[in-house]
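Residue numbers begin at 1 in each chain, while the letters A, B, ... track the order of the sequences. Since we're looking at a predicted model, the values are computed, not measured.
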Amino acid sequence: MSATALSSSALPGLDSTRFAAHLSQRATLPAWWLETKKAAWNQFLALPLPSRTDENWRFSNLKGLDLEGFDLPEDAPKDIPNHSSFPQTAELVFSNRQLVARSTVPADLAAKGVIFAPLDEALRDHGDLVKQYFQKHPAHLGSAKFVALNTALSASGGFLYVPAGVEVALPFVIQHTLSGANVATFPHTIVVLGPRAKATVVEFFLSGGAATERQLAAGVNDLHAAEGAQLTYVGAQHWSRETLAFQVNSIAVERDARVLALNLHLGGRQSRHESHSRLLGPGAHSEMLALTVASGDREFDQRTLQTHIAPNTTSNLLYKNALLDTAKTIFSGLIIVEPDAQKTDAYQKNRNLMLSDTAEAHSLPGLEIQANDVKCSHGSTSARIDAEQEFYLQARGIAPVEARRLLVSAFFEEVLNKLDDEALHAALTALIASQFKK
Amino acid sequence: MPSLEIRDLFVALAATPDKPIVKGLTLTIRTGEVHAIMGPNGTGKSTLSKAIAGHPDYVITSGDVLLDGKSILEMEPDQRARAGLFLAFQYPSEIPGVSIANFLRAAVQARLAEGEDLDATAYYKHLYSKMDLLKIDRKFTSRSVNEGFSGGEKKRCEILQMAMLEPTFALMDETDSGLDIDALRIVAEGVEAMRGEKLGVMLITHYQRLLDYIVPDFVHVMYDGRIVKSGDKTLALELEAKGYDWVKQELAAAATA
């Protein structure tokens, strides 16, 4: 490996001393986990930062990938925002990587074997189960270096295990809040649904302090749906205006299982989101959804992969971006149909609503089909906001910013309507609306 | 008494500001009055109403529009609406994904003071009473604004909005176009129900038909961007009998005299 752009000395905050201290605080965790973390730290140091020739980073602002000067936060403020006002089964609240609040799983669910715990606790109490699913199907979309950093330094995140046949109606909520300048967080959440289990997980990524605080977040998720399971995952990102954010989702869908993943992107200065679905058994379905309000001079960089491995699998991707001001979005999506995946039905669509002439939307859809009996399509559209609709709303006395909020909500409705949970739908709508305050 | 005063107004398309469409139009409307503006197609009637409402496609190149003595030309369209103007569109926009209930709610909320929250129960009660009056099914509230509406439904929806927002002056642009006789009657009854000392109406129409149901106090004939003839309701009947060519001939005769 060539000399790294990031030697440990180039990271005055997140250096090897800091890593060693992080590790020593976790000496009671399973040995395999500590070894995994060490290997990840070395991998992080060894891997180069993305370069201009890397197709996975096409159009991305590489200069913005500046990890210098970040450190792990020391305190854990309890006065933090909260958007989870909808009915829920249980909640884990992390502030600056520390668990500051939790509600436990109701006794009847716990008796059925449902586990919902902070990752460190799950490693201690259910280490073998965590090991079985931790990065079992890693995403390969360009952020290996940041995933390695996450593994090395992860302290927060949830572990949800729902055993075979158990259905849980109300969402499990995991909130990550980051407060303070130059602080970093590395959440890792693992969700495992056993055969025919059903559950919803909602994860919030929020900044607690001033909107201008420079922060770093690199998160990873492993989502698993065993045979016939039904998983709904919602990730809502509302980091501060100066946050550099990475989030890498991996979705594994087995026979006849169904996973719906909806990611909402609102904040950050530069926000990179990778999502990789694998359709592993016949009848598996993955619904990949994203909504982005790109305002100010933010960059939202979304990379997706739908890998159809088994025959008779379906996937549907719909990513919608509303672009304002001088914001920039990048959508790069690929559908891969492996040779055995006959009768695949895969769809991918990126739609951009342009509310500004100076915003920039890039769309790079792609297909790679190795089977001969498949149905695949992809497309992308960019449309300006309809001036007549805008005038119509204003002619009724509705102020321009509110008119735009209504039109963006209308544009997003198709995606939000895929959520069955109306209270959750309303909470997300309110969070989106907060982006349109004067 | 509140008034809407149009003073020597010149309006052009923003793209072609040197080609006026409305050419020196002067008219004062007071509350309690219904003014019908009639005229052949292409004479600038719709342009007039859209320009007063502040449509960005149009530019007022000279003249003024005053609401209660104050010029509205520097105001944004939403400010004009909140000041008491209402444009009933000839072709209302379809807005998929925005329900009638949410749309009207936003419009009513926009008229409340900052920080004041809308009383949802009172709002729905008010909305339903207006819908009953206009014979609009309550299921309509969950439908997207104008999406897939028939011509009659769209116009009734315009009148519903007007009834909810209670403007001081309504500019009604060809409200009768595309309506069958039953829809026309319902729409006219809706306007008649609102008619009174608190409302002034500028009723733009091509045909006399609507004026059988909404009897105007004044009738103006618009031709080539200005008002060329004014009178009472009998003028509309005269136009119906003699056609617009009669006005053109009169104008031509006056020009050569």
Side-chain angles (χ1 to χ4, degrees), chain A residues 85 262 289 291-293 318 320-322 349 351-357 381 383-419 422 425-430 432-438, chain B residues 14 49-58 75-112 114 142 144-147 154 157-158 160-168 170-171 173:
Chain A
S85 54
L262 164 57
L289 308 168
L291 297 174
T292 305
V293 179
L318 179 58
K320 288 191 166 191
N321 301 321
K349 185 148 197 174
R351 290 190 63 198
N352 300 307
L353 179 67
M354 311 299 292
L355 292 100
S356 156
D357 291 333
T381 59
R384 280 185 57 104
I385 195 161
D386 186 314
E388 286 300 321
Q389 291 179 345
E390 226 178 348
F391 176 68
Y392 189 74
L393 294 168
Q394 288 177 34
R396 296 298 174 253
I398 298 168
V401 65
E402 175 67 3
R404 290 176 156 225
R405 184 193 69 75
L406 281 169
L407 293 176
V408 169
S409 299
F411 176 61
F412 283 175
E413 206 54 23
E414 177 188 6
V415 168
L416 289 172
N417 278 342
K418 292 181 188 259
L419 292 175
E422 281 186 25
H425 183 154
L428 296 179
T429 301
I432 293 165
S434 71
Q435 293 300 95
F436 290 86
K437 290 277 185 306
K438 272 167 274 181
Chain B
S49 61
K50 285 186 189 170
I52 295 171
H55 195 291
D57 283 355
Y58 298 92
M75 294 164 76
E76 296 297 323
D78 60 305
Q79 295 172 319
R80 296 182 196 194
R82 291 197 299 274
L85 278 185
F86 182 90
L87 172 64
F89 286 68
Q90 182 178 6
Y91 304 110
S93 280
E94 297 191 7
I95 313 182
V98 177
S99 70
I100 301 262
N102 284 342
F103 166 62
L104 273 170
R105 205 183 159 128
V108 172
Q109 176 78 49
R111 284 159 174 81
L112 301 178
E114 189 110 8
S142 59
S144 290
V145 175
N146 295 321
E147 190 189 25
K154 281 184 183 171
C157 183
E158 292 293 290
L160 172 66
Q161 293 167 40
M162 184 172 151
M164 286 297 290
L165 301 177
E166 297 176 343
T168 322
L171 315 169
D173 189 7

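- Inter-residue side-chain proximity for A:Ser409 and B:Val98 is flagged as unmet; no heavy-atom pair is nearer than 4.5 Å.
- Ring geometry, A:Tyr392 versus B:Phe103: the interplanar angle falls under 30°, so the pair is classed parallel (tilted spans 30 to 60°).
- Taking each heavy atom of A:Leu406 and B:Ala106 in turn, the nearest pair found is CD1-CB, 3.8 Å.
- Residue contact with chain A, scored on non-hydrogen atoms closer than 4.5 Å, is absent for B:Pro167.
- Using a 4.5 Å heavy-atom cutoff, the side chains of A:Leu393 and B:Ile95 are in contact.
- Residues A:Asp386 and B:Glu94 form no side-chain contact, since every pair of their non-hydrogen atoms from C-beta on lies 4.5 Å or further apart.
- Proximity to chain A is absent for every atom of B:Arg80, based on heavy atoms less than 4.5 angstrom apart.
- Among all heavy-atom pairs drawn from A:Gln394 and B:Ala81, the shortest one is O-CB, 3.9 Å.
- Shortest non-hydrogen contact noted between B:Ala88 and A:Arg396 is CA-NH2, 4.3 Å.
- In terms of heavy atoms, B:Pro56 sits closest to A:Phe391 at CD-CD1, 3.7 Å.
- Residues B:Gly97 and A:Glu413 share a closest heavy-atom pair of O-CG, 4.4 Å.
- Only the side chain of B:Val145 comes within contact range of chain A, with at least one heavy atom under 4.5 Å from a heavy atom of that chain.
- Shown here are the side-chain hydrogen bond (donor to acceptor under 3.5 Å, both in side chains) partners of A:Arg384, two or more places apart in sequence or in another chain: A:Asp357.
- With a 4.5 Å cut-off on non-hydrogen atoms, B:Leu165 touches chain A through its side chain but not through its backbone.
- Of all non-hydrogen atoms in A:Gln389 and B:Pro96, the two that sit nearest each other are NE2-CD, 3.8 Å.
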